[in-house]
Amino acid sequence: MYTSVALTLALAAITPAVLAQTVSGEAPGFAAGTTGGAAGETVTPTTTDELVSYLESEDALTIVLNQEFDFTGTEGTTTETGCAPWGTAAGCQLAINANDWCGDNPAAEVTYDVAGTTAINVGSDKSIIGVGDAGVIKGKGLRFVNSVSNVIIQNIHITDLNPEYVWGGDAITLDGSSNIWIDHVKISLIGRQFIVSGYETNTAISITNSEFDGQTSWSASCDGNHYWGLFFIGEGDQITFKGNYIHHTSGRSPKVGGNALFHAVNNYWADNSGHAFEGEEAYILLEGSTFDNVTNPAQDFAASLYAPSSSDSACTDALGRACAANVLTDSGTLEGTDSSVLSQFSGLTIADADADASAVPGSAGVGKLSSSSSSKKEKTRKRSARKVHQPRRLWAGAEEEDVVAF
Ligand SMILES: *[C@@H]1O[C@H](CO)[C@@H](O)[C@H](O)[C@H]1NC(C)=O
C-alpha cells in the first residue's frame, strides 16, 4: 500500500505537464466545435519575443505556457499629463488621457508602462494553454480582431496591466472574431476591462470557468473594487458566459449592448459594491446563477432580460430544457421577466445548466483544471483516453479519490 501510494504521488508530480499539452474538455454553448491549434504543432515559448511570434503566427499551433511572461518594461514607460476624475486620494484610480478622454477633469501626472496599453494580435487556429498555475502573461493583453477565428485560451492568468490607470490596458479584446473559447482563465489587476468586445460582431464566443478578480488598490470607486469589468458591445455579439466567478467589482460586470445575445448560466457574482449588469439593446438569458453580496445585480439597465427566480419551463420550447433558477443572497433585487428573449436563442447551441452555481468559486480560474472537470463529456473523454495513452492512464490513477484514500 505504502509503495503504491508513493508511486502514485511521484507519477502525479511528473504527469501534469503531459496532461496540460492538450486542451481539456470541449467548449459548451456558442463556441462548440472550436478546435484551436489541435491540427498543428505544440510549442513551448521561453521568452516574451517567442511568445509573441507564436501568437501572431498564421500556423495552427498549441502554445504551452509553463512560466510567467513579463512584458512590463519591454516597451519602456511614459510620463505625461492625465487626470484625476475621482480625486488623488489613495485608493482612487487616475486616468491616462487616451483619446482625450480626460475632458475637463482635474489634471494629474501619470507614469505608466507602455506595454500594457497595446495588446498582442493573436492569429487564427491557436490553443494557448497553461501548465498547472504557471502560465502567466504579465503586463500585456490579447486581441482577437479582423476575422480571427478558432482560438482556445485555457488555464492562464493575465495580470498587471497598469491597474493604477483607466486606459492602462484591457486583458482580452474581441473585435470581429469567431469561435473563441476562453476557459479557466484568471484576470486580475488591469487598468481597464477584463474582457471587451466591439464594435465589430463577435460570434460563437464561449467564456467559461474563468475568474474575474477585481481586488485592487486603485479603483474608480475608490473602494478596493475594480469598476471596469466586462464590456460587450459588438454589434450582434453571441456570447455564452458559463461557470464564471466575478468578484470584488463595482460596475460593468458586465455591461452589454449592441443587440448582443448573451447567455449567462451558472455564474457566481460576489462582493460587488456597485452593479453587475448594465446596458441596453441586448437579449440576455440569465439562469442558474448566484448573486452573493452584490449591491445592485442590475443598474442603468434597459436590456431584454429573462432571469427566472424559480426553475420553470418557459425555456423548454426555445432551449429544449427548463431554465435553472437564479439565487440572490444579501443582494439587491433583479427583475427579469421578458420571456420573449428566449426565441432569440432558437437554433443556436445552448450550454447545459447545472441546478445552481454553488461550486463555481472553487472551480473557476487558473490552476483548477483537475478539480473542475465535472462535465460528463470530459469524464467520458478521459476514460476513453486511459486505454490508449499511458501517461494519462497514470494520471487518472492519481485522481482525487486515491489521494484522499491515502
Ligand atoms: C460584501 O462586499 C463588499 C464589497 O466588496 C465587501 O467590502 C464586504 O466585506 C462584503 N461583505 C461580506 C460579508 O463579505
Side-chain angles (χ1 to χ4, degrees), residues 84-95 157-166 168-172 185-196 207 209-232 241-256 264-279 286 288-301 305 307 309 325-336 356-368 372:
W86 307 281
T88 52
C92 296
Q93 234 187 351
L94 302 181
H157 184 183
I158 303 175
T159 189
D160 203 3
L161 281 78
N162 294 306
E164 304 94 326
Y165 304 115
V166 184
D170 300 303
I172 293 178
V185 168
K186 176 173 178 173
I187 302 176
S188 64
L189 290 172
I190 37 131
R192 191 67 172 165
Q193 254 87 214
F194 295 120
I195 303 181
V196 58
I207 301 167
N209 306 309
S210 291
E211 178 184 1
F212 303 103
D213 179 352
Q215 295 175 86
T216 179
S217 300
W218 308 274
S219 161
S221 44
C222 304
D223 67 347
N225 296 324
H226 191 59
Y227 178 87
W228 322 99
L230 299 151
F231 189 28
F232 301 116
F241 191 76
K242 179 175 181 181
N244 301 295
Y245 180 33
I246 308 97
H247 62 99
H248 293 100
T249 59
S250 61
R252 292 192 175 183
S253 299
K255 180 173 182 176
V256 190
V265 50
N266 295 144
N267 302 290
Y268 200 103
W269 279 270
D271 301 329
N272 179 322
S273 59
H275 63 269
F277 279 87
E278 176 188 349
L286 167 59
S289 293
T290 296
F291 293 85
D292 177 4
N293 186 25
V294 174
T295 303
N296 292 304
Q299 187 181 327
D300 297 331
F301 189 67
L305 174 69
S309 57
N326 297 297
V327 177
L328 285 83
T329 307
D330 298 330
S331 296
T333 55
L334 180 69
E335 298 289 329
D356 63 55
S358 55
V360 168
S363 63
V366 73
K368 307 272 186 73
S372 65

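Just so it is clear, the values below take in all heavy atoms, side chains as well, and ignore hydrogens, waters and symmetry mates. Just so you know, ligand 1 is whichever comes first in the structure, and atom 1 is the first atom listed for that ligand.
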Novice: Can you tell which of N209, N267, N266 makes a side chain to side chain donor-acceptor pair (under 3.5 Å) with N244?
Specialist: N267
Novice: Within a strict 4.5 Å, meaning less than it, do heavy atoms of the N296 and F301 side chains meet?
Specialist: no
Novice: Ring-plane angle category for F194 and F212, please: parallel below 30°, perpendicular beyond 60°, tilted otherwise.
Specialist: tilted
Novice: Determine whether any protein heavy atom is located less than 4.0 Å from atom 9 (O) of ligand 1.
Specialist: no
Novice: Out of all atoms in ligand 1, which are within 4.0 Å of some heavy atom of N225? Include the element for each.
Specialist: 4 (C), 5 (O)
Novice: Are any of the N or O atoms of D271 closer than 3.5 Å to those of ligand 1?
Specialist: yes
Novice: How would you list all residue pairs meeting salt bridge (Lys or Arg N to Asp or Glu O under 4.0 Å) that involve residues 215-225, not counting sequence neighbours?
Specialist: none
Novice: I need the atoms of ligand 1 closer than 4.0 Å to a non-hydrogen atom of H248, numbered in the order shown.
Specialist: 5 (O)
Novice: Any non-hydrogen protein atom below 4.0 Å of atom 13 (C) of ligand 1?
Specialist: no
Novice: Distance under 4.0 Å to a non-hydrogen atom of N293: what atoms of ligand 1 satisfy this?
Specialist: 1 (C), 2 (O), 3 (C), 8 (C), 10 (C), 11 (N), 12 (C), 14 (O)
Novice: Output the distance between atom CD (Q93) and atom CH2 (W218), rounded to the nearest 0.5 Å.
Specialist: 10.0 Å
